[in-house]
Structures are given as C-alpha cells and as structure tokens.
Amino acid sequence: MNRTARIVSATFAVAALAGLTACGSEQNSSTATTSPAPTSVQVRPVVPATAATFTVTADATGTFPADFYAGAFGCTAANHAPHLAWSGAPAAAKSFAVTMFDPDAPTGAGFWHWMNWDIPTTATDFTAGTVGVAGANDAGAPGYLGPCPPAGDKAHTYQISVLALDTPSLGLPAATTPTVASFSMGSHIIGVAKLSLTAQR
C-alpha cells in the first residue's frame, strides 16, 4: 500500500471512530433525557372499604404530650402510651387490635410504633400492657414505642387505629413482625376507629 492509500485509509478509520463516539454520546444523552422520573408508590391500606367506622378518643389531642415521646432514638422521654377509649364498635366483633403507624418516617415503608391484638370485646378502653398480645414494634421491642421523629424534620402524623376483628384470636406469637401481624389482621377487619396525633422535634 502506497503512502496516499495509507493516509486515505487512516482518515476513514478516524471518521468512523468519531461517528461511533458521537452516536454513543447521542444515545446516552437521549437515554438521560427520556428516562422517566421516579414516582412515589401509594401504600395499599389494610382496612377494607367495607369496614364499619366507630369512635375512639385518647387522653391527648392534636399533638403528643412531651412524656408520650420515646426513650430511644435520641429521645429521653417517659414513653407514656396514650389511653384509648372507644364506642360504637360493630356487634359482630370478636376481638380488637390497636395499632400506631408513622407514614412520615424516612424509611420508605413507614414505621409501626404499636401493635396489640387479641383484645377481648369486653374492653372499651385500652392502655399498653393491660390486655391482649403486646406485639413487636418496628424497633423489635414489644408494646408501645413513642414518637421520636428526626430533629429538624417536618411534623410527623401518627395514625392510631382500633380495629374490630371477626376472630377472637389471630393465633400469632408476640414476636410476629408488625408487617406480618398487619397482613394477618387484614382479612379479619370488620370495623375501624381512627385518630391522629402529631410530633415534631
């Protein structure tokens, strides 16, 4: 191959390489600009739409009193659980459950603070540790865990529910994880009473 042929061949090789590089850049740029933005996922509610509603009150309204806060996760409060009282539950109820959930916790899946089930239907009020099974919270400890949102974070809204169930017992050990306990309750819920309290540091 003479000198002129070598120059022409090299020129075509460089041009081809530049074209591939440019195509790759355009493809990457196109991919970057057309990729869909992340979307939030709506958590499916455990309470069926057909569930009856009844009334629950607590010895706090609006916001958690200081001594209701946790004694963990950077908080040093008394971890005093709300005293709940309810009325108007469905006559067909065979037991109750009490839960407290923080959907604002920065976990991607919320945080269960309180899971108590197998509360007899003779009960019309509840304080942690009185009756039923004190299930594990998301910290892995049994019973109530008060709020302790991250310092400087927005106000968190804690959803407290009393669930009327169509079974006298879920047959679950206290160490059952909150997610499994909630899943097990789902097919037995015939009524619900709800209230919300907020907390912020």
Side-chain angles (χ1 to χ4, degrees), residues 41 43-54 56 58-59 64 67-75 77-86 89-149 156-197 199:
V41 177
V43 177
R44 181 176 177 175
V46 68
V47 178
T50 55
T53 57
F54 56 105
V56 60
D59 55 346
F64 279 97
D67 62 344
F68 284 48
Y69 278 61
F73 295 104
C75 291
N79 199 51
H80 176 72
H83 177 78
L84 307 176
W86 58 85
K94 295 182 179 178
S95 69
F96 295 105
V98 167
T99 68
M100 186 171 94
F101 181 67
D102 175 13
D104 298 315
T107 64
F111 194 97
W112 291 101
H113 283 258
W114 202 5
M115 298 290 293
N116 212 107
W117 58 86
D118 290 4
I119 301 169
T121 53
T122 52
T124 55
D125 68 338
F126 181 78
T127 300
T130 54
V131 290
V133 176
N137 53 53
D138 266 339
Y144 172 82
L145 176 66
C148 186
H156 288 207
T157 299
Y158 297 79
Q159 301 169 351
I160 297 174
S161 300
V162 178
L163 305 171
L165 308 180
D166 66 2
T167 179
S169 176
L170 293 174
L172 299 175
T176 303
T177 64
T179 299
V180 171
S182 181
F183 175 79
S184 299
M185 291 176 195
S187 60
H188 295 287
I189 299 171
I190 60 173
V192 60
K194 294 183 178 182
L195 62 84
S196 296
L197 296 173

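What you see is a predicted model, and the numbers here were worked out from it, not measured in a lab.
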Does Ser182 use its side chain to pair, donor to acceptor, with the backbone of Pro178 at less than 3.5 Å? no
pair Asp104-Thr157: side-chain heavy atoms closer than 4.5 Å: yes
If we only count heavy atoms from C-beta on, is the Lys94 to Thr167 side-chain gap below 4.5 Å? no
For Pro82, does its backbone N or O pair with a side-chain atom of Asp59 as donor and acceptor, under 3.5 Å? no
Side-chain polar contacts of residues 137-149 - donor-acceptor pairs under 3.5 angstrom, sequence neighbours left out - could you list them?
residue : atom : partner : partner atom : Å
Asn137  : OD1  : Ala139  : N            : 2.9
Asn137  : OD1  : Gly140  : N            : 3.3
Asn137  : OD1  : Ala141  : N            : 3.4
Asn137  : ND2  : Ala141  : O            : 3.0
Asn137  : ND2  : Gly143  : O            : 3.0
Asp138  : OD2  : Trp112  : N            : 2.8
Tyr144  : OH   : Phe68   : O            : 3.0

What are the two closest heavy atoms between Trp117 and Ala181, and how far apart are they? CZ3-CB, 3.8 Å
Minimum heavy-atom separation for Ala164 and Pro90, please, with both atom names. CB-CD, 3.9 Å
Tell me whether Thr107 contacts the main-chain N or O of Gly110 through its side chain, where contact means a donor paired with an acceptor under 3.5 Å. yes
Would you mind reporting whether Ile189 and Leu165 have side-chain heavy atoms less than 4.5 Å apart? yes
Which value, rounded to the nearest 0.5 Å, describes the distance between Met115 atom CE and Met185 atom CE? 3.5 Å
Just by distance, do the side chain of Thr176 and the backbone of Pro173 share a donor-acceptor pair under 3.5 Å? yes
Minimum side-chain heavy-atom gap Phe126-Val131 below 4.5 Å: yes
Which atom names give the shortest non-hydrogen contact between Ser95 and Asp118, and what distance separates them? CB-CA, 4.4 Å
Mark yes or no for whether Ser161, through its side chain, and Leu163, through its backbone, hold a donor-acceptor pair below 3.5 Å. no
Could you tell me whether the side chains of Asp166 and His188 share a donor-acceptor contact shorter than 3.5 Å? yes
Is the side chain of Asp102 donor-acceptor paired with the backbone N or O of Tyr158 at a distance under 3.5 Å, no angle test? no
Would you confirm whether the ring centroid of Phe101 sits within less than 6.0 angstrom of the ring centroid of Trp114? no
Any side-chain heavy-atom pair from Ile160 and Val56 closer than 4.5 angstrom? no
